Every structure is written in structure tokens, then in C-alpha cells.
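Everything on this sheet refers to the single structure shown next.
Since the model is a prediction, treat every value here as computed from it, not as a measurement. In what follows, residues are counted from 1 in the order of the sequence shown.
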Amino acid sequence: MGEKNTKKELIQRTYEIMQREGLQGLSIRKITSGLGLSSTALYKHFADMDQLIMYASVRFLQDYIRCFKNTLNENMNPLEQYLTLWNCFAGYAFASIPIYEMLFFGKYKENLGDTIFEYYRMFPEDVTEFDGLSDSVFFSNDLKQRDYMMLQRAARAGEITPEAARILSEMNCYLFHGMLMEHRMDYRNPGVAKEAAVKFFYMIQEITNKYRLK
């Protein structure tokens, strides 16, 4: 097994265990032994287990990306695009809180854009066709940076003020993180994830609309 293939196989194996057993089902031995590798093989390709999990978690973003691209249309103004993104994102994030928490708020969050880019180089079959907006959104390293970038587009279109873009970015990202943490322990309970996503989206709609100029 070549070095590049080994890295890819480790990511694939980790994803399969996560899909079947969740994050709690992962262990270095379980991942490596299933590939006929020693436990130390993992550290030839990844700094630690957290970094491997981050790579494997990229595939869990596929449904969110597909939702955004399928819902988006060219007639939407920037604020409508912004809210569409949050609606898709929240729906999947509250259903998989540990994975989204790790990707966007975890140890390697500042490397997220590079991780996604490298992941798609290794797994080109998973590539979704990106356009300019999607590219800047999904390859951003920082949730707040992505959020602010989309709100700046709305400010340039005259929908909100530049100051409102800054305030909304802070408020909406903090609200999301806070609600995500609030439901860490109960999101698997029937109906909780969906209810949390609906509540969150209603709140950011209300907050955002208060700053709307037109």
C-alpha cells in the first residue's frame, strides 16, 4: 500500500466507523487493525487522532453542500442566499453536533479550508461542482469569516449597512455555537435536532430582518 493510498485508506476506514458507530466508536487500534497496519502507522500521515477524524468528517458535509446548491437560485438576493446557507447548515449541524463542533470549533478549525481541499484531491469522486460563491464559502477556514463575507455582499448590495454586517456576523455565529453546545447531550433524542434547527433559523431570520434596509 503506497503512502498516499495509506492515508486515503485511513480516512475511509475512519469514516466508515464513524458512520456505523459514531465518534465514540473510534479507536486507533480499530482503525489501523482493520487495514492490517500497526497503530503507529497513523502518525506517519496525521499529527494525531483529531486530525484524522477531521479529514474523515469532511464527507459528512456532502448533504449540507448539496442542500445549499440545490436550494440556491440566481434570483435570490445576498441576504436570501445568506439565510438559505444557514438553514441548510443548521439542519445538518444539529443532527450531527459532535462532528460539526469538531470541524468548525475544534482543535484544527483553522485548517478546515486546507483539509477540505486536500480531501477532495484524494477523493475526487466526492467533488460537487462549485461556483465562485460556493468556493469561497466551503473553502473558508473560519465560520465567522465565511459568515461575514456573505454579509458583506449584502452590505454592498445595499440590503444592510457595513456595521450591521459586522454585528450580525458576531451575533449569529455566537448564537449558533451556543445552541449547538446546549444540545450536545440531547440532540439524539427524537425530534430534538429538528426542533433546535427550526428554532435557530427562526431566531436568525428575526435578528437579520431587524437590520434589513430594504
Side-chain angles (χ1 to χ4, degrees), residues 57-58 60-106 109-110 112-113 116 128 130-214:
S57 295
V58 170
F60 288 96
L61 296 176
Q62 290 294 96
D63 289 337
Y64 148 57
I65 294 171
R66 195 175 297 114
C67 171
F68 178 58
K69 290 186 66 64
N70 290 343
T71 309
L72 197 69
N73 71 68
E74 60 184 17
N75 296 318
M76 287 180 174
N77 60 45
L79 269 187
E80 288 172 335
Q81 292 177 347
Y82 172 76
L83 290 170
T84 296
L85 177 66
W86 267 120
N87 194 26
C88 290
F89 187 70
Y92 290 101
F94 284 103
S96 302
I97 288 178
I99 289 171
Y100 277 73
E101 180 189 359
M102 184 273 304
L103 281 170
F104 293 94
F105 302 102
K109 66 179 181 179
E110 293 181 1
L112 178 58
I116 293 173
T128 304
F130 292 102
D131 55 28
L133 174 61
S134 301
D135 220 33
S136 57
V137 168
F138 298 119
F139 291 94
S140 172
N141 282 336
D142 183 83
L143 186 65
K144 286 184 188 177
Q145 182 185 67
R146 179 202 76 180
D147 200 70
Y148 185 48
M149 178 272 296
M150 294 201 71
L151 287 166
Q152 283 179 309
R153 293 179 69 248
R156 287 193 293 271
E159 295 182 88
I160 57 175
T161 67
E163 178 64 8
R166 185 190 63 77
I167 293 170
L168 281 170
S169 179
E170 293 281 335
M171 289 174 65
N172 290 342
C173 288
Y174 281 127
L175 175 62
F176 171 71
H177 194 198
M179 286 189 65
L180 209 67
M181 295 302 93
E182 180 182 348
H183 292 289
R184 284 182 75 186
M185 304 306 295
D186 66 356
Y187 76 97
R188 292 190 185 89
N189 295 345
V192 169
K194 184 175 181 180
E195 183 180 338
V198 170
K199 181 179 178 181
F200 168 75
F201 184 62
Y202 171 77
M203 292 172 72
I204 68 160
Q205 273 187 307
E206 290 296 303
I207 293 168
T208 302
N209 284 336
K210 288 185 185 300
Y211 286 87
R212 193 190 290 264
L213 296 176
K214 63 178 183 178

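Met185 CE to Ile97 CD1: the interatomic distance, rounded to the nearest 0.5 Å, is 10.5 Å. With values rounded to the nearest 0.5 angstrom, Phe60 atom CZ is found 9.5 Å from Tyr100 atom OH. One finds the CG atom of Leu180 at 10.0 Å from the OH atom of Tyr187 (value rounded to the nearest 0.5 Å). Here the CG-CE distance, from Leu112 to Met102, works out to 9.0 Å after rounding to the nearest 0.5 Å. Remark: Leu175 CG to Leu168 CG distance equals 11.5 Å, nearest 0.5 Å. Separating the CD1 atom in Ile160 from the CG atom in Leu151 is a distance of 4.5 Å, to the nearest 0.5 Å.
For Pro78, the side chain to side chain contact (heavy atoms under 4.5 Å, CB included) partners are Arg153, Ala154, Ala157, Glu159, not counting sequence neighbours. By the side chain to side chain donor-acceptor pair (under 3.5 Å) test, Tyr82 pairs with Trp86, Asp147, Asn172, sequence neighbours left out. Applying the side chain to side chain contact (heavy atoms under 4.5 Å, CB included) test to Glu80 and every residue at least two apart in sequence or in another chain returns Met76, Asn77. With sequence neighbours excluded, the residues that form a side chain to side chain donor-acceptor pair (under 3.5 Å) with Asn209 are Arg212. In this structure, Cys173 has no disulfide bond (SG atoms under 2.5 Å apart) partners at least two apart in sequence or on a different chain. By the salt bridge (Lys or Arg N to Asp or Glu O under 4.0 Å) test, Glu206 is found to be paired with no residue, residues two or more places apart in sequence or in another chain being considered. Scored by the side chain to side chain contact (heavy atoms under 4.5 Å, CB included) test, Ile167 finds Glu163, Met171, Tyr211 as partners (sequence neighbours excluded). Applying the ring-ring contact (aromatic ring centres under 6.0 Å, His included) test to Tyr174 and every residue at least two apart in sequence or in another chain returns nothing. Residues passing the salt bridge (Lys or Arg N to Asp or Glu O under 4.0 Å) test with Arg156: none are found, sequence neighbours excluded. By the side chain to side chain contact (heavy atoms under 4.5 Å, CB included) test, Ala197 is found to be paired with Ala90, Phe94, residues two or more places apart in sequence or in another chain being considered. Partners of Lys144 by salt bridge (Lys or Arg N to Asp or Glu O under 4.0 Å), not counting sequence neighbours, listed by chain and number: Glu170.
Contact record, Thr208 with Ile204: OG1-O, 2.7 Å, taken as the closest heavy-atom pair. Across Ala165 and Gln152, no two heavy atoms sit closer than the pair CB-N, 4.2 Å.
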- Task: Verify side chain to side chain contact (heavy atoms under 4.5 Å, CB included) between His177 and Leu143, making sure each step is shown before the conclusion.
- Result: CA-CA 10 Å; His177 194 198; Leu143 186 65; over 6 Å; no
- Could you please spell out the steps behind the side chain to side chain contact (heavy atoms under 4.5 Å, CB included) verdict for Tyr92 and Phe68? CA-CA 11 Å; Tyr92 290 101; Phe68 178 58; over 6 Å; no
- Item | Asn87 vs Thr71, side chain to side chain contact (heavy atoms under 4.5 Å, CB included): CA-CA, chis, key distance, verdict | CA-CA 10 Å; Asn87 194 26; Thr71 309; over 6 Å; no
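Between Phe89 and Arg146, some side-chain heavy-atom pair lies under the 4.5 Å cut-off.
Proximity of a side-chain donor or acceptor of Asp142 to a complementary backbone N or O of Gln145 within less than 3.5 Å is detected.
Sorted by first then second residue, the salt bridge (charged side-chain N to carboxylate O under 4.0 Å, His left out) pairs that include residues 182-194, not counting sequence neighbours, are Glu101-Arg184.
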